[in-house]
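Only one structure is covered here, and it is reproduced in the block below.
All figures in this text were calculated on a predicted structure; none of them were measured in a lab. Position 1 is the first residue of the sequence, and the numbers go up from there.
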Amino acid sequence: MPPVFAHGRLRLYLLKLLDEAPRHGYEVIRLLEERFQGLYAPSAGTVYPRLAKLEAEGLVTHATEGGRKVYSITDAGRAELAGRGGELADLELEIRESVSELAAEIRDDVRGAAGALRREMLAEASATQTRVEDESWKAAKEEMRRARQEWKEQARRAKDESRRAREEAQQARRQAREAQERAREEVARLAAQLQEQLAKSGGMLGSLAGSWLGGGAGGAAGAGGWGGAAAGAARPGEAPRTAAGGAPAPEAAGWAADVPRTGDPARDLDRLLDRFRDGVRDAARDHGVTAAQLEEAHAHLAAAAARIAAALRPAR
C-alpha cells in the first residue's frame with residue numbers, strides 16, 4: 001500500500017469516495033486504481049474489511065441491489081469527513097505527488113540502465129583501441145558498430161516487449177474484472193432461480209416463514225430484529241394485532257425502518273419484500289423449521305398475503 005494511506009488514511013479516502021456517490025466494493029477498488037493511474041490497485045482483502053468496519057462504526061450503511069451490497073455514507077460519516085477537510089486536502093495532494101514520484105522512479109530506472117550500458121560499451125571500445133594496431137582497430141570499430149546496432153535492436157525489442165507486457169497486463173486485469181463480474185452475475189442468476197423454485201414449491205416457502213414466525217426467542221435473534229414484527233402477527237384464526245386506532249403494533253412499526261425510500265412506491269415495495277425474504281431465509285438457515293412452525297407460518301403467510309393484496313387494490 002502506498003505510504004499516503006498509512007495511519008487510517010485509506011479509511012478517510014473511502015469516506016470521500018462514498019460521499020461522491022453510493023458505490024459497491026468492486027467500484028471502490030476500480031476508482032482507487034484509476035486515481036493512481038494503474039500504478040496501485042488495492043485488493044478486495046484490503047477494501048472490504050475497511051468498509052465493514054466503517055459500517056460497524058455507523059459511518060456508512062449498505063443496501064442490497066441486484067445481489068450486491070451498495071455502500072452509502074451516513075450523516076455521521078459526512079460529519080467526520082467535514083471535520084477532517086484539511087487532512088483530506090493534504091491526502092489528495094500527496095496522492096498526486098506519489099503518482100508523480102512512482103512515474104519518475106520508473107523513468108529513472110530506464111535511463112540508468114541505458115546509461116550503464118552505454119558506459120560499458122565506451123569503456124570496452126577504449127580498451128580495445130589501446131590493445132590493437134590499425135588493422136585490429138578497424139576490426140574493433142566494425143565490431144563496435146555491429147554491437148551498437150545490436151544494442152539499438154535489443155533496446156527496440158525490449159521497448160516493444162515492455163509495451164506488450166503492459167498491454168497484456170492491462171488485458172489480464174480487464175479479463176479478471178470481467179470474469180469476476182460474470183461470476184457475480186451467475187451467482188445472482190442462480191440465486192434468482194433458487195428463489196423462483198422455492199416460490200413455486202409453496203411448502204418450502206412456508207417452512208422458511210415458520211422458522212421466522214414461530215421459532216421462539218432464538219428465531220427472533222437470528223432474524224436480526226424481525227422477531228419483533230413476527231410477534232405482532234396474528235395467530236391462525238385471530239385478527240391481526242394492531243395498536244389503538246388501527247395502526248400497526250409498536251413492535252411492527254419500526255420494521256425495515258433502515259431501508260431507504262426512493263420516492264417510487266413500486267420499487268420501495270420490492271425492497272421491503274426483499275428484506276422480508278432475506279430475514280426469513282436467515283432464520284430458517286440458522287435455526288431450522290419444525291412441522292408445527294411450518295403450519296403456523298403457512299397460516300400467517302396466507303393471512304398476510306390476503307391483507308396486502310386487499311390493501312393494494314384500488315378503493316371502490
Side-chain angles (χ1 to χ4, degrees), residues 14 17-18 20-34 41-52 54-55 60-72 170-213 215 219 222-226 255-256 258-289 294 297-298 301-302 304-305 308-309 312:
L14 290 177
L17 293 180
L18 296 180
E20 294 174 358
R23 308 180 193 279
H24 52 78
Y26 169 73
E27 187 178 5
V28 170
I29 294 173
R30 181 178 56 79
L31 281 173
L32 284 169
E33 184 177 0
E34 289 179 358
S43 65
T46 297
V47 172
Y48 282 101
R50 283 171 172 77
L51 289 174
L54 288 173
E55 185 173 14
V60 303
T61 185
H62 82 269
T64 302
E65 293 185 5
R68 296 180 178 177
K69 287 185 177 180
V70 178
Y71 292 90
S72 303
Q170 292 173 355
Q171 182 179 4
R173 284 197 296 270
R174 286 196 299 270
Q175 291 175 348
R177 287 196 295 267
E178 291 170 358
Q180 188 177 19
E181 189 68 20
R182 287 195 297 271
R184 288 196 183 100
E185 292 174 356
E186 181 66 13
V187 170
R189 184 183 66 79
L190 294 176
Q193 289 180 353
L194 178 59
Q195 178 184 351
E196 182 179 357
Q197 292 172 0
L198 291 174
K200 289 180 179 179
S201 66
M204 180 63 73
L205 180 59
S207 173
L208 293 174
S211 175
W212 174 60
L213 294 168
W226 289 34
W255 176 78
D258 60 329
V259 177
R261 297 301 175 93
T262 65
D264 181 351
R267 185 177 180 187
D268 291 342
L269 178 58
D270 285 340
R271 288 185 171 188
L272 292 175
L273 291 173
D274 288 342
R275 172 59 64 86
F276 173 83
R277 177 198 62 202
D278 293 341
V280 171
R281 280 181 175 173
D282 291 343
R285 183 183 64 243
D286 294 341
H287 306 288
V289 183
L294 169 62
H298 194 167
L301 287 175
I308 293 172
L312 295 176

For the student: nearest non-hydrogen atoms of [X] and [Y], plus distance:
X: Val289; Y: Leu294; result: CG1-N, 4.1 Å
X: Val70; Y: Pro22; result: CG1-CB, 3.9 Å
X: Leu272; Y: Ala256; result: CD2-CB, 3.7 Å

pair [X]-[Y]: side-chain heavy atoms closer than 4.5 Å:
X: Tyr48; Y: Val28; result: no
X: Gln171; Y: Gln175; result: yes
X: Arg261; Y: Arg271; result: no
X: Leu14; Y: Val60; result: no
X: Thr61; Y: Asp258; result: no

- Message: Nearest 0.5 Å, please: how far is CZ in Arg177 from CD in Gln180?
- Response: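 Answer for the CD-CZ pair, Gln180 versus Arg177, is 9.5 Å.
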- Item | Separation of Ile308 CD1 from Leu269 CG (nearest 0.5 Å) |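 Taking CG in Leu269 and CD1 in Ile308, the distance rounds to 7.5 Å.
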- Message: salt bridge (Lys or Arg N to Asp or Glu O under 4.0 Å) for Glu55 and Lys69? Distances and angles first, verdict last.
- Response: CA-CA 12 Å; Glu55 185 173 14; Lys69 287 185 177 180; 5.4 Å; no
- Message: Can you tell me which residue among Val280, Asp274, Leu273 is in a side chain to side chain contact (heavy atoms under 4.5 Å, CB included) with Arg277?
- Response: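 So the option named by the test is Asp274.
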- Message: Looking at Asp282 and Arg285, is any side-chain nitrogen of the basic one under 4.0 Å from a carboxylate oxygen of the acidic one?
- Response: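 So Arg285 pairs with Asp282 through a salt bridge.
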- Query: Quick one: do Glu34 and Arg30 make a salt bridge, cutoff under 4.0 Å?
  - Reply: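 Salt bridge between Glu34 and Arg30, a charged N being under 4.0 Å from a carboxylate O: yes.
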